[in-house]
Amino acid sequence: LITDKNYGITGQFVHAIEYQVDKIKDQSAEELINVLNKKLTFTAEAVEHIQFLSGNIPYFIQIICKSCGDYAVENNRRYIGYPELEKVIRILTGKDESISSLVKRLPPGKFQNNQYGTTDPREVSVLISSIAHFNKDRLNPRGIGIHELEKLWNENKLNAFRAKLATSLEDLLEKKILYQEEDEGLPVYKFSVDLFRRWWYNNGHQDISLELTTLTEE
């Protein structure tokens, strides 16, 4: 709205300070999800799942809800529950194909420069693939510890990249692509936006052995 001159308001924001909205509170996220409640209603279970998938980031909430709206119109539905939501997510993340539906697999541009960058070091992409690998086909991903990652990389003769693994992990935490929890007193890592985790795995990153060989070739 600010940069597109077609809206005719560009000049009014000349002195505005641009601020990227990050994660919002649960109540605000729920209000955003239910903004069209009179026309499309999400069940409590679906709302909770959207919050988890989006990490409560408005950008991803809107992507999910818009696709659910397309699904509802096509299928003449007034309510979206967990099963219907998962049908939409499976298409968005490339798990299922959709030829005739308005709901389509999300293109890379939806995640570029907010979850990953095309100029990121190769080890960052491999780390993302590694964490996604441990949670393949899981709807409720578990936290992945550094020792699991080190073991995976060492088994593929990537001992020399141990320092880069730690650096990449810190980078992804700083960018809030990952977040840290504790499991039995040890730090473990999860994706902040689980929609991205599922999309990444299904879009050319399923073969972890092949992913890891891209580092050995450097």
Query - Residues which pass salt bridge (Lys or Arg N to Asp or Glu O under 4.0 Å) with E84, listed by chain and number, not counting sequence neighbours - result: R77
**Report entry** Within one Ile-Leu-Val-Met-Phe-Trp-Tyr cluster: I131 and Y179, side-chain cutoff 4.5 Å
**Finding:** no
Report summary line: Distance col, row T93:OG1 vs R197:CZ, nearest 0.5 angstrom, shows 9.0 Å
Report task. Please step through side-chain hydrogen bond (donor to acceptor under 3.5 Å, both in side chains) for the pair E74 and S101, ending with a clear verdict. Result -> CA-CA 8 Å; E74 291 175 342; S101 175; 2.7 Å; yes
**Report entry** Neighbour count >12 (heavy atoms, 6.0 Å) for atom CG, N140
**Finding:** no
Report task. To the nearest 0.5 Å, tell me how far E31 CD sits from N37 CG. Result -> 11.5 Å
Report summary line: In terms of heavy-atom contacts, V103 and Y71 come closest through CG2-N, 4.0 Å
Report task. In sequence, state the C-alpha distance, the side-chain angles, and the governing distance for R105 and N203, and then conclude on side-chain hydrogen bond (donor to acceptor under 3.5 Å, both in side chains). Result -> CA-CA 10 Å; R105 176 186 301 196; N203 284 266; 3.1 Å; yes
Query raised in the report: Below 4.5 Å, heavy atoms only, C-beta onward: do S54 and L195 meet side chain to side chain?
Result: no
**Report entry** Common cluster, V126/I177, ILVMFWY with side-chain heavy-atom separation under 4.5 Å
**Finding:** yes
Query raised in the report: Could you state the interatomic distance from SG (C68) to CG (L92), rounded to the nearest 0.5 Å?
Result: 7.5 Å
Query - I61 reachable from Y59 in the ILVMFWY side-chain graph, under 4.5 Å edges - result: yes
Requested in this report: Answer with yes or no whether the hydrophobic clustering places V188 together with I146; edges join I, L, V, M, F, W, Y residues whose side-chain heavy atoms lie under 4.5 Å apart.
Outcome: no
**Report entry** Pair E30 + K25: basic N to acidic O under 4.0 Å
**Finding:** no
Requested in this report: Please check if the distance between the ring centroids of F111 and F60 is under 6.0 Å.
Outcome: yes
Query raised in the report: Could you give the distance from SG (C65) to CD (Q62), rounded to the nearest 0.5 Å?
Result: 8.0 Å
Report task. Flag yes if more than 12 heavy atoms outside K104 fall under 6.0 Å of its NZ atom; otherwise flag no. Result -> yes
Query - Check: E123 and W153 side chains under 4.5 Å, non-hydrogen atoms - result: yes
Report summary line: Between L178 and L173, the two heavy atoms sitting closest are O-CD2, 3.7 Å
Query - Atom CD of E48: over 12 foreign heavy atoms under 6.0 Å - result: no
Report summary line: d(Q206 CD, D137 CG) to nearest 0.5 Å is 8.0 Å
**Report entry** Derivation of the side-chain contact (heavy atoms from CB on, under 4.5 Å) call for D70 and V88
**Finding:** CA-CA 9 Å; D70 290 336; V88 172; over 6 Å; no
Requested in this report: Count the heavy atoms of every other residue, nucleotide or ligand shown that sit under 6.0 Å from NZ of K190, and state whether that count exceeds 12.
Outcome: yes
